[in-house]
Amino acid sequence: MKVEINGTAHDLADEATVTDALAAIEAPEKGIAVAVDGQVVRRADWASTRLAAGAAVEVLTAVQGG
Amino acid sequence: MKVEINGTAHDLADEATVTDALAAIEAPEKGIAVAVDGQVVRRADWASTRLAAGAAVEVLTAVQGG
Amino acid sequence: MKVEINGTAHDLADEATVTDALAAIEAPEKGIAVAVDGQVVRRADWASTRLAAGAAVEVLTAVQGG
Amino acid sequence: MKVEINGTAHDLADEATVTDALAAIEAPEKGIAVAVDGQVVRRADWASTRLAAGAAVEVLTAVQGG
Amino acid sequence: MDVSQDETLVVGGRKIGSRLITGTGGAANLEVLERALVASGTTLTTVAMRRIDAQTGTGVLDLLRRLGIEILPNTAGCRTAAEAVLTARLAREALETDLVKLEVVADERTLLPDPIELLDAAEQLVDDGFTVLPYTNDDPVLARKLEQAGCAAVMPLGSPIGTGLGIRNPHNIEMIVAQAGVPVVLDAGIGTASEAAQAMELGCDAVLLATAVTRAADPERMAHAMRLAVEAGYAARHAGRIPRRYWAQASSPEIDGPRFD
Amino acid sequence: MDVSQDETLVVGGRKIGSRLITGTGGAANLEVLERALVASGTTLTTVAMRRIDAQTGTGVLDLLRRLGIEILPNTAGCRTAAEAVLTARLAREALETDLVKLEVVADERTLLPDPIELLDAAEQLVDDGFTVLPYTNDDPVLARKLEQAGCAAVMPLGSPIGTGLGIRNPHNIEMIVAQAGVPVVLDAGIGTASEAAQAMELGCDAVLLATAVTRAADPERMAHAMRLAVEAGYAARHAGRIPRRYWAQASSPEIDGPRFD
Amino acid sequence: MDVSQDETLVVGGRKIGSRLITGTGGAANLEVLERALVASGTTLTTVAMRRIDAQTGTGVLDLLRRLGIEILPNTAGCRTAAEAVLTARLAREALETDLVKLEVVADERTLLPDPIELLDAAEQLVDDGFTVLPYTNDDPVLARKLEQAGCAAVMPLGSPIGTGLGIRNPHNIEMIVAQAGVPVVLDAGIGTASEAAQAMELGCDAVLLATAVTRAADPERMAHAMRLAVEAGYAARHAGRIPRRYWAQASSPEIDGPRFD
Amino acid sequence: MDVSQDETLVVGGRKIGSRLITGTGGAANLEVLERALVASGTTLTTVAMRRIDAQTGTGVLDLLRRLGIEILPNTAGCRTAAEAVLTARLAREALETDLVKLEVVADERTLLPDPIELLDAAEQLVDDGFTVLPYTNDDPVLARKLEQAGCAAVMPLGSPIGTGLGIRNPHNIEMIVAQAGVPVVLDAGIGTASEAAQAMELGCDAVLLATAVTRAADPERMAHAMRLAVEAGYAARHAGRIPRRYWAQASSPEIDGPRFD
């Protein structure tokens with residue numbers, strides 16, 4: 001199925017979870033956070049949170065700023 | 001009955017209207033406005049607006065300010 | 001003889017006076033002042049003041065300024 | 001004879017020198033300078049400099065300031 | 001709003017004859033006030049709404065009507081949107097005008113506007129058909145929100161009411177002017193004439209002041225000074241001032257000076 | 001010198017009708033200059049002395065005489081006392097006036113006065129019977145020495161000539177005013193109207209400016225602005241401004257407001 | 001909040017070792033940033049939250065952790081309370097901290113805070129258990145509302161972000177300090193060291209800056225300058241400065257000077 | 001003189017270890033003075049010359065020698081060149097130094113330098129072999145004349161002695177720095193640390209102050225503050241500050257923010 005990760009379309013397995021989405025973009029283990037369709041998904045729930053087709057996944061980290 | 005006009009207790013007839021209250025304090029004809037219990041009473045309605053016992057009547061005018 | 005008027009060489013008669021120098025540059029009657037070799041020559045003395053050869057004559061007037 | 005030291009009259013021997021004047025006010029050895037009648041007297045000349053009657057001797061040192 | 005050519009000030013569709021708007025508070029008595037108002041040349045003047053009593057009566061109204069000065073009721077003393085809205089409605093009843101100088105202050109010590117209550121009240125009064133002139137702080141963002149809420153002008157302070165500290169942050173006033181689509185009126189803090197002129201030079205469309213005139217040693221003369229200063233600042237703004245230079249520039253021709261050697 | 005009541009400015013025994021003294025330098029042409037001078041209301045205006053030539057002729061003199069404006073020759077461009085004294089004497093010859101705006105500048109980049117040469121020239125010219133108006137820096141000590149030398153006024157700068165930086169050190173100007181026994185004229189640095197008003201509020205007796213008007217986008221309008229500003233500042237000075245306060249003071253009565261509970 | 005004696009700054013129960021809080025934005029690269037952070041002596045530094053990508057990775061986090069500097073995530077770029085709240089929650093997830101520098105700006109040109117959205121976001125984040133440090137304008141009323149909403153500090157601007165215009169309205173900063181019961185951090189606008197010192201002299205408890213250091217010609221040296229300036233201003237505040245006087249006061253004894261006649 | 005790279009200050013061939021030069025006047029007693037001098041890190045300190053008496057003795061000299069601080073005698077209290085020259089010569093005799101802080105003041109109320117007497121005294125003392133550090137006003141022309149007369153530094157005031165009014169005319173100080181070929185020392189007027197930092201940012205090579213420290217509530221702490229401030233301002237000057245901007249500039253990356261729709 002198609003999901004959007006940080007604004008880019010990705011093709012994931014139909015059962016894909018947040019963990020799968022992070023793997024797809026080779027996100028690092030630590031220092032990141034995830035929102036799916038505008039809701040925060042706690043780290044503890046990444047493995048168990050299924051993505052719906054067309055889901056918008058945001059993967060953020062800290063950068064220089066402020 | 002007792003009503004409060006600009007913070008002072010007054011004794012008015014039981015049927016008293018806003019017009020009666022204005023008479024009680026010898027308010028001028030023009031340049032004033034009236035609120036009863038926190039609601040504006042339009043000039044047109046003064047004569048027909050009955051006051052309840054214990055009503056709080058505010059009679060305002062313009063003074064030097066600002 | 002040669003005299004310098006406002007920085008320009010002029011050829012005047014040997015007996016030339018300040019008045020002759022002014023005539024040579026067609027200076028106006030009023031609103032001017034004259035210095036010869038760094039000394040003011042009063043208007044009253046223009047006609048009687050002889051110039052020496054090589055004299056430096058300055059003829060000034062008022063211009064926009066300040 | 002009478003001399004004035006720092007504004008105060010003192011009675012010194014007629015042959016008195018700057019050194020005698022300094023002794024009269026128990027001035028310290030170091031950190032001072034002397035003027036007699038408005039002229040500096042070099043340290044080297046204190047012993048040999050005779051005071052005239054009525055001389056004005058100023059003995060200065062450094063104090064907190066500036 | 002920077003009026004690029006000289007034209008009459010228009011606020012909420014009304015032409016305002018003078019760019020000096022005055023207040024009436026602080027005057028020793030009505031005689032002093034009358035002389036000051038006349039000297040100021042103002043055509044729009046604020047009044048406050050208070051409980052009527054025998055003494056005051058309606059003297060200030062009679063004076064303003066006699067002088068042909070339009071009345072601008074304020075909501076001075078209100079601390080919440082609800083109080084301000086009710087006071088504005090009573091003023092409209094009493095004075096038959098939809099003009100209101102909206103004041104919602106947060107505390108007595110600073111008399112600074114409460115931005116939340118102010119914006120709330122402005123929205124309610126605009127909906128209710130008022131021509132709203134809000135007294136605001138010098139925050140360009142709040143000024144823009146007030147304009148977007150439909151206010152007929154924005155009236156940022158120079159410094160807190162009655163302090164006479166002048167314009168503490170000209171940069172903010174300039175930013176407000178740069179973005180405003182409605183007239184900008186410098187309201188509060190002016191202490192002397194040069195500050196009123198400066199407000200206009202910064203691009204304000206008018207100045208509103210009271211204390212600086214009414215509590216001056218000679219209110220009539222100060223009113224005259226303020227009138228001249230507002231005109232001076234407005235004219236200077238539109239005359240196009242010279243640029244600031246770091247080093248000097250001669251105003252007398254440097255060439256062809258006399259040589260005396 | 002703080003004129004405690006409103007009276008005509010008197011400099012060296014001459015009554016000066018307007019407290020705005022103007023210069024003529026920098027104007028694009030005589031037509032522009034004429035409109036600006038008229039708009040300024042000035043009654044005393046500076047000119048510089050230069051070698052005569054065919055083009056210039058004596059146009060500016062004819063203009064000033066036609067407008068009935070008194071002429072104040074300056075010694076612009078002089079760098080030594082000797083040059084300034086000679087230039088002043090030539091000006092007296094040419095213009096039949098003993099008035100002189102004494103300028104002795106130290107360098108072209110700052111055009112700041114040379115305090116030593118200036119004082120020397122002032123002493124010589126006073127001895128020679130001139131009515132000396134020295135352009136000086138904002139040093140209160142030099143101002144006092146110039147007064148003691150017999151100058152008819154002192155004319156401290158606000159900032160360097162032509163910079164439009166306004167009054168960089170109001171504290172110095174106030175100190176000069178506090179001690180002066182002759183008129184104090186703020187000369188040089190003014191860029192816009194509020195600064196001219198400020199000069200008068202600081203206690204100056206007049207303002208002298210040229211560039212701010214002649215090089216403005218609209219010299220006539222700026223001249224008018226300056227005229228109003230000088231009047232405004234003078235009136236404000238004498239009207240007695242309110243004291244500055246740290247915290248606010250209400251201009252509407254705080255007691256007896258309505259209660260809406 | 002005026003800390004009357006010298007003590008460690010405490011924000012939301014956390015001790016903050018240095019009163020200079022820095023940002024990381026604008027640094028040419030991580031090497032430059034590291035040298036600047038070390039020179040600044042800071043113990044608390046902001047980061048922004050952005051979409052991860054291959055290049056950036058988590059370099060700045062690794063650097064801050066290696067230097068033992070506590071991380072203060074901000075909500076830069078958010079325009080609404082909703083965006084800011086979500087960004088803060090993501091930051092808490094990613095960085096395992098409940099600290100947040102709350103920024104809700106109104107537009108790109110001024111980057112000034114939106115007072116309405118800011119207060120809304122502050123209330124939500126406090127309810128959600130965050131330690132909220134809001135970037136606010138210099139309005140004393142909004143600062144008080146943010147404190148009343150439960151913010152752990154208030155962080156008023158000196159002037160708009162990145163302008164280097166310093167503290168445009170010291171009077172407002174003083175009023176904020178006078179009423180604050182939580183630490184006041186001067187945030188934004190600082191351009192040079194003297195302005196950081198001034199912020200502390202006005203009574204601020206700390207200074208937050210980024211651009212002034214990271215975009216200086218020599219960031220490491222400017223970071224050192226800012227460190228010294230914050231310490232200098234804090235010490236001066238608590239050393240009790242001399243009063244300002246209009247006239248001079250000799251620092252050398254005036255009596256008993258020598259007489260040379 | 002703008003020292004383009006970081007190097008030790010050299011005045012008249014002498015290396016001066018600290019850019020903070022202090023005075024000793026106004027201290028409650030020698031113990032307080034000692035703590036303040038140590039905290040300031042100064043290596044050069046002024047003293048005044050007065051008639052000796054039993055009480056005072058030579059305590060301050062003993063203190064400075066014990067602390068290894070070089071002595072800079074001043075001519076405080078002198079009103080004429082003759083007095084100042086004689087006082088300088090007596091100081092040289094008493095203290096065995098050719099250094100002198102030359103002060104020739106015009107009156108007690110302002111303690112401003114007399115430009116004429118000052119320059120005259122400077123010329124005489126330079127001829128007599130002194131290393132002359134003149135206390136001058138902020139006139140760039142007088143500063144240049146003093147340098148041309150052979151002074152080893154120029155020491156313009158920020159504001160009158162003891163006023164704590166800071167630097168009233170930064171533009172003049174910048175112009176003095178721009179033209180100076182000898183060190184520029186900001187002398188007099190400093191009230192608090194940020195002003196000392198500002199002096200260095202304007203390009204001064206050192207700061208001289210007394211009252212701000214000795215009359216502070218806590219002289220030792222203020223001395224420490226001034227030491228840090230001078231270092232901070234010097235470092236900031238040489239670190240290359242960011243340009244001032246009218247509008248904001250984000251310090252967080254604007255691109256690639258999260259999208260939450």
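Lettering of chains follows the sequences in order, A, B, ..., and the numbering in each one begins at 1. Being a predicted model, the structure only gives us computed values, none of them experimental.
For E/A232, the side chain to side chain contact (heavy atoms under 4.5 Å, CB included) partners two or more places apart in sequence, or in a different chain, are F/A193, F/L228, F/A229. Shown here are the side chain to side chain contact (heavy atoms under 4.5 Å, CB included) partners of E/V11, two or more places apart in sequence or in another chain: E/L9, E/I16, E/L133, E/A152, E/A153, E/P183.
Contacts classified as ring-ring contact (aromatic ring centres under 6.0 Å, His included) and involving residues 194-216 of chain E (residues at least two apart or in different chains) are not found.
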Report the donor-acceptor contacts between chain E and chain G below 3.5 Å as a table, one pair per row.
residue, atom, partner, partner atom, Å
E/D107, OD2, G/R144, NH1, 3.3
E/D107, OD2, G/R144, NH2, 2.9
E/D114, OD1, G/K145, NZ, 3.4
E/D114, OD2, G/K145, NZ, 2.8
E/N137, ND2, G/D139, OD2, 3.3
E/D139, OD2, G/N137, ND2, 3.3
E/R144, NH1, G/D107, OD2, 3.3
E/R144, NH2, G/D107, OD2, 2.9
E/K145, NZ, G/D114, OD1, 3.4
E/K145, NZ, G/D114, OD2, 2.8

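Between atom CD1 of residue E/I173 and atom CD1 of residue E/I167 there is a gap of 6.5 Å, rounded to the nearest 0.5 Å. Once rounded to the nearest 0.5 Å, the distance linking CG of E/L208 with CD1 of E/I190 reads 10.0 Å. Summarising the geometry, atom CD1 belonging to E/I21 is positioned 7.0 Å from atom CG belonging to E/L72; distances are rounded to the nearest 0.5 Å.
The part of G/P113 that comes within reach of chain E is its backbone (N, CA, C, O), which places non-hydrogen atoms under 4.5 angstrom from that chain.
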